[in-house]
There are 2 protein chains.
Amino acid sequence: MSASGVSAAGKVLQVLAAFDREHPSRTLSEIARCTGLAVSTAHRVVAELAAWGALERAEDGSWHVGLRLWEIASGCPRTQILRDAALPFMQDLYEATHENVQLAVREGTELVFVERIAGHRSVELLTMVGTRFPVGSTGMGRVLLAHAPRELQEEVLAAPLRPWTPHTVTDPRTLRAQLDLIRREQVFVSDRQLSESTVAVAAPVRIGRAGPVSAALGIVVAARGAERARGLREPLLRAVHGISEELGRRARTAL
Amino acid sequence: MSASGVSAAGKVLQVLAAFDREHPSRTLSEIARCTGLAVSTAHRVVAELAAWGALERAEDGSWHVGLRLWEIASGCPRTQILRDAALPFMQDLYEATHENVQLAVREGTELVFVERIAGHRSVELLTMVGTRFPVGSTGMGRVLLAHAPRELQEEVLAAPLRPWTPHTVTDPRTLRAQLDLIRREQVFVSDRQLSESTVAVAAPVRIGRAGPVSAALGIVVAARGAERARGLREPLLRAVHGISEELGRRARTAL
DNA sequence: CGGCCCTTTCCGCCTGACGGAAACGCCCCC
DNA sequence: GGGGGCGTTTCCGTCAGGCGGAAAGGGCCG
């Protein structure tokens, strides 16, 4: 029997998918195991990928994603355009607040962090660029959710919500009310929903002044300094408006 | 005749490679043309990639790199670890100078930009994250070159150097002297080598205090403010030392 | 020395990829 | 409206290239 039921291109993708966030570095047999491919097949595919530069080998013989693939992928418009437009504003925001500034987009029912600015003076966070979270678990996620299509909102509200901390909102009714609140007000404060020690302030980024919501911008502060959150609304709003307009400008000139 | 001489995995990579920096977005037939694949083949491969999330389709029907691939690729250790360690220091550096701060690694005879910090108060630059330049053309590149293996230096010195501006050093003897200078001094000032309007200050980032050079950190200022460059040496050195130590710490704890 | 695990190479079988061709859809120009 | 050009999508017969079992090679450890 051959192929294990997956097309040739599929094998490449299976192998690439093995390098997820928890496993940035893997050995050949790990790859074979977790993809279900025969070792010899995995070997060949990996070798091909490596020859092209999509994978690289560490001194210890383990494999990881190569610079070439990173390069290609970093051209991804969903992130590249956004980052380019947002970076200067995020920068200003960081300088004004010295808190962790984050930018995220929604993909399906998940949130993906796209860019972040953090210095020595801001809270240490675990969330790296490229990390996913269920939309609905975080302040930024809920902002994105509130502006997502109706059916998607219902889908999330229907599924059970994971309680990350004792404060996490898990009641669909409360969450629904929060989504309404988010649509009414621009800025949303999310209190210790994901971690006991952090409070997030988030707002939607649009394409142009009144265009569709394409991302969420957030600031994360230590929970002990929660009262700071109030003062962050204004600078956050300024940044969000700046980015939205910049995105609108770029979208227009791109045509 | 089939396969156009390339293995199945190769086709996937050919298609991905079509999405280079100049072509973040392509139509199916463009892909077919520039990879040399038959349209029907390209169609099938693209469809498979899209089903997996490696490619996405815009409303106008054109294709571009998808979020899923970006995610996988953003785990690339060469960049991820470096950025994580460097970001806070780059941040401090930006705040101290308000100039364009850039981080780059070397791959073969080229330099790849890995991270940058820029705000409204710094020079506008064309160099995006992921862009390549011949090492030897830029200040940061020369810093990396100076600390690269001998034979690679010779290779670059042997090849003709492209003059980007009237000031670009193209004489191998002069360049060789610069490389010596870089190894003696820590910081290198590169005057209008890549663009008429910018001056760069660059320094090598090591792994640990005295480890191998893994990246270069640079500041780019407007050429008219070139005298500023002098004052940037100290903050740049502080940042570089900070990053180097942080990288050393991480390398040790990773074992 | 033998057992274990990972990596690499080899090879014959067979299936799934290949691309030519044709249908489809769209736009523009006559 | 009709026709030509261009891009996309689907279909299908052929056949070469991918597949994985097996075995050899190489460390490591007890």
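Within every chain, numbering begins at 1; the chains are lettered A, B, ... in the order of the sequence lines, protein sequences first and strands thereafter. None of these values were measured; they are calculated from a predicted model.
Listed nucleotides: dT8(C), dG19(C), dT8(D). Nearest to the side chain of L28(B): dT8(D). Set against dC18(C), dT8(C), dC19(D), the side chain of K11(B) has dC18(C) as its closest nucleotide.
Using a distance-only test at 3.5 Å, with no hydrogens or angles considered, no donor-acceptor pair links the side chain of R116(A) to the main chain of V129(A). In this structure, Q102(A) contributes its side chain and E115(A) its backbone to no donor-acceptor pair below 3.5 Å. With hydrogens and angles ignored, the 3.5 Å screen pairs a side-chain donor or acceptor of Q80(B) with a backbone N or O of S74(B). Judged by distance alone, with hydrogens and angles left aside, the side-chain atoms of R78(A) form no donor-acceptor pair with the main-chain N or O of G66(B) at under 3.5 Å. Checked by atom type and distance alone, the side chain of E245(B) never pairs as donor or acceptor with a backbone atom of G242(B) at under 3.5 Å. No donor-acceptor pair under 3.5 Å is formed between the side chain of S62(A) and the backbone N or O of A58(A). Between the side chain of Q153(A) and the main chain of A146(A), a donor-acceptor pair closer than 3.5 Å is present. Without hydrogens or angle criteria, R142(A) side chain to G136(A) main chain gives a donor-acceptor distance under 3.5 Å.
Each end of the helix from dC1(C)-dG30(D) to dC30(C)-dG1(D) gets its own axis from five base pairs, and the two axes differ in direction by 30°, given to 10 degrees.
Annotation: cation-pi pair R162(B)/W164(B) present, NZ/CZ under 6.0 Å from the ring centroid and within 45° of its normal.
Under 3.5 Å, the side chain of S29(B) and the base of dG7(D) form no donor-acceptor pair of N or O atoms.
One atom, CD of E30(B), and another, P of dC6(D), lie 14 Å apart when rounded to the nearest Å. Between the P atom of dT8(D) and the CG atom of L55(B) lies a distance of 14 Å, rounded to the nearest Å. Computed from coordinates, the Q14(A) CD to dG18(D) C1' distance equals 14 Å when rounded to whole Å.
Phosphate contact (OP1/OP2 of dG18(D), side-chain N/O of T41(A), threshold under 4.0 Å): absent.
Comparing S40(B) and T27(A) by the nucleotide of DNA chain C whose heavy atom lies nearest to each, the residue mapping closer to the 5' end is T27(A).
Interface residues of residues 43-50 of chain B facing DNA chain D, ordered by number: H43(B); criterion, heavy-atom separation under 4.0 Å.
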